[in-house]
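One structure below.
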Amino acid sequence: MCGIAGFYNPDINFSNNPKDNFKILNNMVKSIKKRGPDGDGTKIINSCCLAHTRLSIIDLETGSQPMSLFFGGNKYHIIYNGEIYNYKQLKKELQSYGFTFNTNSDTEVIGYMFIKYGPLFASMLNGIFSIAIYDEAENSIFLYRDHFGIKPLYYTESNKTLIFASKIDTLFEYPRVNPSIDIKGFNEIFTLGPAKTYGSGVFYGINEILPGQLLSYSPEGINKRFYYQLQCKPHTDSLEDTIEKTKYLLEDSIRSQMISDVPICTFLSGGIDSSIVSAICSKNMKENDVLSTYSFDFEENSLHFKSHSYQLSEDRPYVDIMVKHLNSNHNYLTCRYDTLYDLLEESVDSRCLPTMADIDSSLLYFCGEVSKNHKCALTGECADEIFGGYPWYFNKDLGAKGNFPWMRDISFRKSILNPEFAATLQMEKYVKNAYNKTICEIDYIPEESEYNKNLRKISYLNIRWFMQTLLDRMDRTSMHNGLESRVPFADFRLIDYVYNIPWEFKLLNNKPKGLLRHIAKNYLPETIMNRPKSPYPKSYHPKYEELLKNRIREIIFDSTSPIRAYLNINTIKNLLNEPENNTNPWYGQLMAKPQMYAYIIQVDYWMRKYSLSL
């Protein structure tokens, strides 16, 4: 797992000016160093400059990058961020064709796959990745992002030069690429945030490679195409066959993602998703090895926790049950309320954008603690999106209302903004356009009922939007700490299959994630198997909210605050004087009024950091 960066221009030979271009590359390396603290490398080849930082997980000795391969009289140069879980099978296949290998790394396999099968080879990879390959003979560069966008890859253009990187602010290390924002970017922040439109980098002129996309650039110009897209297909398997195939795909995904030359661990919340990942990992550990697990909680949360429809119970009692069941080497991690607050700004640094407020800052802290002992963790992310776990899957009218189910009403967002600024944004129109753009991508099976079409619509929206936000969060918070997070539920084979399973199968026994629960009975205690959905935890500590309120008061009275001019100061003052409300979310399941305060604080910091204004 790593960070990558570079730039390419078909009309320039960068090796003619190595000193200045190595300086740019070295600055890029510094910008992405947290993603790969174990090593780094740079290379200039004619029209292409490449930079890489490495977090060593596989082939610790010989997997350094940039990696150059010589084949058929041509040279190919590769940098890549991620893990290819089926690289050993692919390597055997390549060896049968006569390819020989000098390393045990998946990087070398990627290179020879490109040589053997051509630019669309990525469809054969099972893994998480962003890749850049420079074909020296063709003077062409190829950029790839994995099937569901688990690994990031941003890019921009400047005077025919393509600049790309794992982080947005790495692009700003290139001369004349500077951070700025327009109305569209402000809509991403205030109307859709902390989500963002897929493909958007929010900053003006910054884009991201889409999931499953290949971008190539040659002297003939830029070309974009998809090597993978989620497709609607008829499901012909019986219920029994569906259960067995889903079980196999899930088990195989988890087993394959245990591949590592360093010890692995799992995140364990006591929910069904992380518990089944941990249980299968534990079952497949080498003899005499014990799985390490980590759970997350907040100081004095048992005193301040407030049960509500989105979060019925605390995690701790269920974690205890699973730890006993697995006999794992468990670590209970606890975050203080002031740590949550202190890390709000660093959370922005990790993403280069405002985040899910303290939901992200807490995960940033926890990943930092995990990284003290482990470099690689498996998580339970993405099960709710594909198996139907969120409450909004069960609101029969929701999909027909033409809005995103995790942000049903934008009136609260709108109320905190200066009315003139809010009118300029045309927030309702922006949401509607973003929603309709996604809906137009969906295929349906002709014989599907309206109810099932509605659920397919919600499922696709969740995979394309909500899941992407959570994957984004997991990658940035973990990699900022030199920790690789793996997401077995996001295996494209599993999503491909489950996406097309009929809802009466997914909701087996009329239960949310009923199919997954049925499979889980092979691994989990009944208490865990039947536990209601509970999201990632958050703090309910009143002192945390007080810290937020005090900072908001400073912002609204600070004439130098960049966000102040965009806020409705009277509304903010009234909010500060109202009773606490931690249970009515304006985004997702957890982001209520305290998280709005934290989000405003993050946007203010973000605008200061990058000197942004309209």
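Numbers for residues simply follow the sequence, beginning at 1. Everything quoted here is computed from the prediction, not taken from an experiment.
In this structure, a donor-acceptor pair under 3.5 Å is absent between the side chains of Asp443 and Gln231. Neither side chain, Asp40 nor Thr53, offers a donor N or O lying under 3.5 Å from an acceptor on the other. Asn433 and Asn436 share no side-chain donor-acceptor pair at under 3.5 Å. Residues Thr438 and Tyr198 have side chains that bring a donor and an acceptor to within less than 3.5 angstrom of each other. Side-chain atoms of Tyr605 and Asp349 form a donor-acceptor pair, as typed in the model, at a separation below 3.5 Å.
A cation-pi contact, defined as under 6.0 Å to the ring centre and within 45° of the axis, is absent between Lys184 and Tyr204. Cation-pi geometry between Arg145 and Phe129 is not satisfied (NZ or CZ under 6.0 Å from the ring centre, within 45° of the ring normal).
Ring centers of Phe99 and Phe71: under 6.0 Å apart, within the cut-off. Centroid-to-centroid, the aromatic rings of Phe186 and Tyr566 come within less than 6.0 Å. Not less than 6.0 angstrom separates the ring centroid of Tyr76 from the ring centroid of Phe70. Between His52 and Tyr80, the distance separating the two ring centers is not shorter than 6.0 angstrom. In this structure, Phe14 has its ring center under 6.0 Å from that of Phe7. Taking the centre of each ring, Tyr217 and Tyr8 come in below the 6.0 Å mark.
Side-chain N or O atoms of Glu188 include none that pairs as donor or acceptor with a backbone N or O of Gly185 at under 3.5 Å. Of the possible donor and acceptor atoms, none in the side chain of Gln213 sits under 3.5 Å from a partner among the backbone N and O of Tyr144. Between the Thr156 side chain and the Gly205 main chain, a donor and an acceptor come within less than 3.5 Å of each other. At least one donor-acceptor pair closer than 3.5 Å links the side chain of Asp146 to the backbone N or O of Ile150. The closest donor-acceptor contact from the side chain of Arg351 to the backbone of Pro354 lies under 3.5 Å. Judged purely by atom type and a 3.5 angstrom limit, Thr355 has no side-chain atom pairing as donor or acceptor with the backbone of Asp360. For Asp604 (side chain) and Ile600 (main-chain N/O), no donor-acceptor pair under 3.5 Å exists by modelled atom type. No donor-acceptor distance shorter than 3.5 angstrom exists from the side chain of Ser31 to the backbone of Val29, with no hydrogens or angles considered. A distance-only check finds no donor-acceptor pair linking the side chain of Ser561 to the backbone of Asp558 [under 3.5 Å]. In this structure, Glu381 contributes its side chain and Met474 its backbone to no donor-acceptor pair below 3.5 Å.
Atom CD of residue Glu157 and atom CD1 of residue Ile206 lie 10.5 Å apart, to the nearest 0.5 angstrom. Here the NZ-CD distance, from Lys167 to Glu173, works out to 10.0 Å after rounding to the nearest 0.5 Å. Put simply, CD1 on Ile4 and CZ on Arg54 are 14.5 Å apart, with the number rounded to the nearest 0.5 Å. Summarising the geometry, atom CG belonging to Leu461 is positioned 5.5 Å from atom CD1 belonging to Ile442; distances are rounded to the nearest 0.5 Å.
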(request) Evaluate the criterion salt bridge (charged side-chain N to carboxylate O under 4.0 Å, His left out) for residue pair Lys372 and Glu369; output intermediate values, then yes/no. (result) CA-CA 6 Å; Lys372 293 177 181 178; Glu369 292 299 297; 2.9 Å; yes
(request) Before giving the answer on salt bridge (charged side-chain N to carboxylate O under 4.0 Å, His left out), spell out for Lys375 and Asp38 the whole-Å C-alpha distance, their side-chain angles and the decisive distance to 0.1 Å. (result) CA-CA 11 Å; Lys375 284 185 175 184; Asp38 296 335; 2.6 Å; yes
(message) Determine whether Glu441 and Arg464 satisfy the following criterion, salt bridge (charged side-chain N to carboxylate O under 4.0 Å, His left out), listing intermediate values before the conclusion.
(response) CA-CA 10 Å; Glu441 298 172 2; Arg464 203 70 162 137; 3.2 Å; yes
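Using bins of under 30°, 30° to 60° and over 60° for the plane-to-plane angle, the ring pair Trp465/Phe404 lands in the tilted bin. The aromatic rings of Tyr610 and Trp606 lie perpendicular to each other, with more than 60° between the two planes, well past the 30° mark. Ring geometry, Phe148 versus Tyr228: the interplanar angle exceeds 60°, so the pair is classed perpendicular (tilted spans 30 to 60°).
Closest non-hydrogen pair, Gln468 versus Gly149, comes out as NE2-O, 2.9 Å. The heavy-atom pair separating Phe267 from Ala377 by the smallest distance is CE2-CB, 3.7 Å. The shortest heavy-atom contact between Pro10 and Ser47 is O-OG, 3.6 Å. Of all the heavy atoms in Val277 and Ile254, the pair that sits closest is CA-CD1, 3.8 Å. Taking each heavy atom of Arg35 and Ser166 in turn, the nearest pair found is NE-CB, 3.8 Å. Of all heavy-atom pairs between Ser158 and Val177, the closest is CB-CG2, 4.1 Å.
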Acceptor/donor pairs from residues 111-128 side chains to any protein atom, 3.5 angstrom cut, sequence neighbours excluded:
residue, atom, partner, partner atom, Å
Tyr117, OH, Glu93, OE2, 2.3
Ser123, OG, Leu120, O, 3.2
Asn126, ND2, Asp491, OD2, 3.3

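Every residue meeting the salt bridge (charged side-chain N to carboxylate O under 4.0 Å, His left out) condition with Lys196, not counting sequence neighbours, appears here in chain and number order: Glu208. Residues forming a salt bridge (charged side-chain N to carboxylate O under 4.0 Å, His left out) with Arg413 (at least two apart in sequence, or on another chain): none.
Ionic pairing of Arg493 and Asp252 is present here: one or more N-O contacts between side-chain nitrogen and carboxylate oxygen are shorter than 4.0 angstrom.
Atom NZ of Lys437 is surrounded by more than 12 heavy atoms from other residues, nucleotides or ligands within 6.0 Å.
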